[in-house]
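Numbering of ligands and ligand atoms starts at 1, following listing order.
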Amino acid sequence: MTATPPDVIRCAYAELVVTDLEASRTFYVDILGLVVTYEDDEAIYLRAFEEYLHHSLILRKGDTAALAVLAYRVRTPADLDLAVAYYTGLGVRVERRPAGATRGIGEAVRIEDPLGFPVEFFHDAEHVERFTQRYDQHGAGALSRLDHFNVVTPDVPAARSYYEGLGFRVSEDIQDDEGTVYAAWMFRKPTVHDVALTGGDGPRLHHIAFASQERHQILHVCDHLGALRKSDMIERGPGRHGVSNAFYLYVRDPDGHRIELYTHDYYTGDPDNPVITWDVHDNQRRDWWGNPVVPSWYSDASPVLDLDGKAQPLIERSDAREADVTIGADGFSYTSKQEGFKLGEQV
Ligand SMILES: O=S(=O)(O)c1ccc(O)c(O)c1
Ligand SMILES: [Ca+2]
Ligand SMILES: [Fe+2]
């Protein structure tokens, strides 16, 4: 009899190792506008304006940029015992952490999940002031909350089954006509995703996304980076996604960690929410206007640490790779089969 999984509510926080805490603080606080809940010489605890738990992002000083943990909030403290039993049953490494092991977080269970990622489940956390209406503190690029994790993993169907075991459901995915699955988006909270699975050599972190309320906040971050002559921190976008329908921007932090700013996806909370499957050759899947996906977006991702803080070895993807099966960087599409490329892509 399969053990009962912990009841995951949503993605809740991530801890990134960064090599220059000051440079990271400038990026995440001065440019992205995240609120500092607590900071010292070793770490900075950040939250977005709608968030009342202690943090949704920890930046921890270290020698090598990497992901230290992805944390999900569970519905009750009793879900921690379910997590211990569930993951012990899966035969993966499981550690209980006392309240306060992570500042602002209560008792937790930390695992190396079956995909190789450092993952934590917690319920109790310190409440801090919610800045939803502290418009005196919001900048023009105000971010409202953490929205999702995107992880790179070699076998998307296997990863999908693992997350379905945790009660996550698929909202959208990308396949080809042979049934190869290139990516999938999965949720517990009633939006498009809490976690996205990107096919590639893994385990690696592809990105962490924060949601804003409006597109203009995302556009302000672009203008802000331009004003600082740091427009090179913009990797992809701004644009409108096909998958999720969200308006998006991808920026790379001083260590190269990828952060997405994201707004305006859609509600997925009804039990019969229809799954959308995109064809890998539909170049409007990743950008609704067919703008190219830059090659680095397919190739680059952050290494992840095990529970001892050592980098996890990578497993190569054996299925076809999306950047290889599409032509160029998505400049080719159904609409431009005749001309060969869209006007906007002439590399
Ligand atoms: O590029 S995609 O439209 O596939 C996409 C959709 C939602 C996301 O959160 C994302 O990172 C990428
Ligand atoms: Ca292509
Ligand atoms: Fe994303």
Would you mind writing out the side-chain donor-acceptor pairs for residues 146-157 within the sub-3.5 Å range, not counting sequence neighbours?
| from | atom 1 | to | atom 2 | distance (Å) |
| --- | --- | --- | --- | --- |
| D147 | OD1 | R145 | NH1 | 2.8 |
| D147 | OD1 | R145 | NH2 | 3.4 |
| H148 | ND1 | H193 | NE2 | 3.2 |
| H148 | NE2 | H193 | NE2 | 3.1 |
| H148 | NE2 | H207 | NE2 | 3.2 |
| H148 | NE2 | E260 | OE1 | 2.9 |
| N150 | OD1 | T198 | OG1 | 2.6 |
| N150 | ND2 | T198 | OG1 | 3.3 |
| D155 | OD1 | A158 | N | 3.0 |

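- Counting non-hydrogen atoms of neighbouring residues, nucleotides and ligands closer than 6.0 angstrom, the NZ atom of K189 exceeds 12 such neighbours.
- Because the distance cut-off is set at 2.8 Å, H148 qualifies as a neighbour of the Fe ion (ligand 3) through one of its N, O or S atoms.
- The name of the N, O or S atom in E260 nearest to the Fe ion (ligand 3) is OE1.
- Proximity of the aromatic rings of Y87 and F121 is defined here by a centroid distance below 6.0 angstrom, and this criterion is met.
- Aromatic rings from Y13 and Y72 are positioned such that their centres are separated by 6.0 Å or more.
- At a cut-off of 2.8 Å, H207 is counted among the residues with an N, O or S atom near the Fe ion (ligand 3).
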Using a cut-off of under 3.5 Å, which N/O atoms of ligand 1 pair up with protein N/O atoms, and what distance separates each pair?
| from | atom 1 | to | atom 2 | distance (Å) |
| --- | --- | --- | --- | --- |
| ligand 1 | 1 (O) | R236 | NH1 | 3.4 |
| ligand 1 | 1 (O) | R236 | NH2 | 3.3 |
| ligand 1 | 1 (O) | H241 | ND1 | 3.3 |
| ligand 1 | 1 (O) | R286 | O | 3.4 |
| ligand 1 | 1 (O) | R286 | NH1 | 3.3 |
| ligand 1 | 3 (O) | H241 | ND1 | 3.0 |
| ligand 1 | 3 (O) | V243 | O | 3.4 |
| ligand 1 | 3 (O) | R285 | O | 3.2 |
| ligand 1 | 3 (O) | R286 | O | 3.3 |
| ligand 1 | 4 (O) | R286 | NH1 | 2.8 |
| ligand 1 | 9 (O) | H148 | NE2 | 2.9 |
| ligand 1 | 9 (O) | H193 | NE2 | 2.8 |
| ligand 1 | 9 (O) | E260 | OE1 | 3.2 |
| ligand 1 | 11 (O) | H207 | NE2 | 2.9 |
| ligand 1 | 11 (O) | Y250 | OH | 2.5 |
| ligand 1 | 11 (O) | E260 | OE1 | 3.0 |

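- The aromatic ring centres of H138 and F49 sit less than 6.0 Å apart.
- R240 forms no cation-pi arrangement with W288, by the criterion of a distance under 6.0 Å to the ring centre and an angle within 45° of the ring axis.
- For the pair R47 and F131, the distance from NZ or CZ to the six-membered ring centre is under 6.0 Å and the angle to the ring normal is within 45 degrees.
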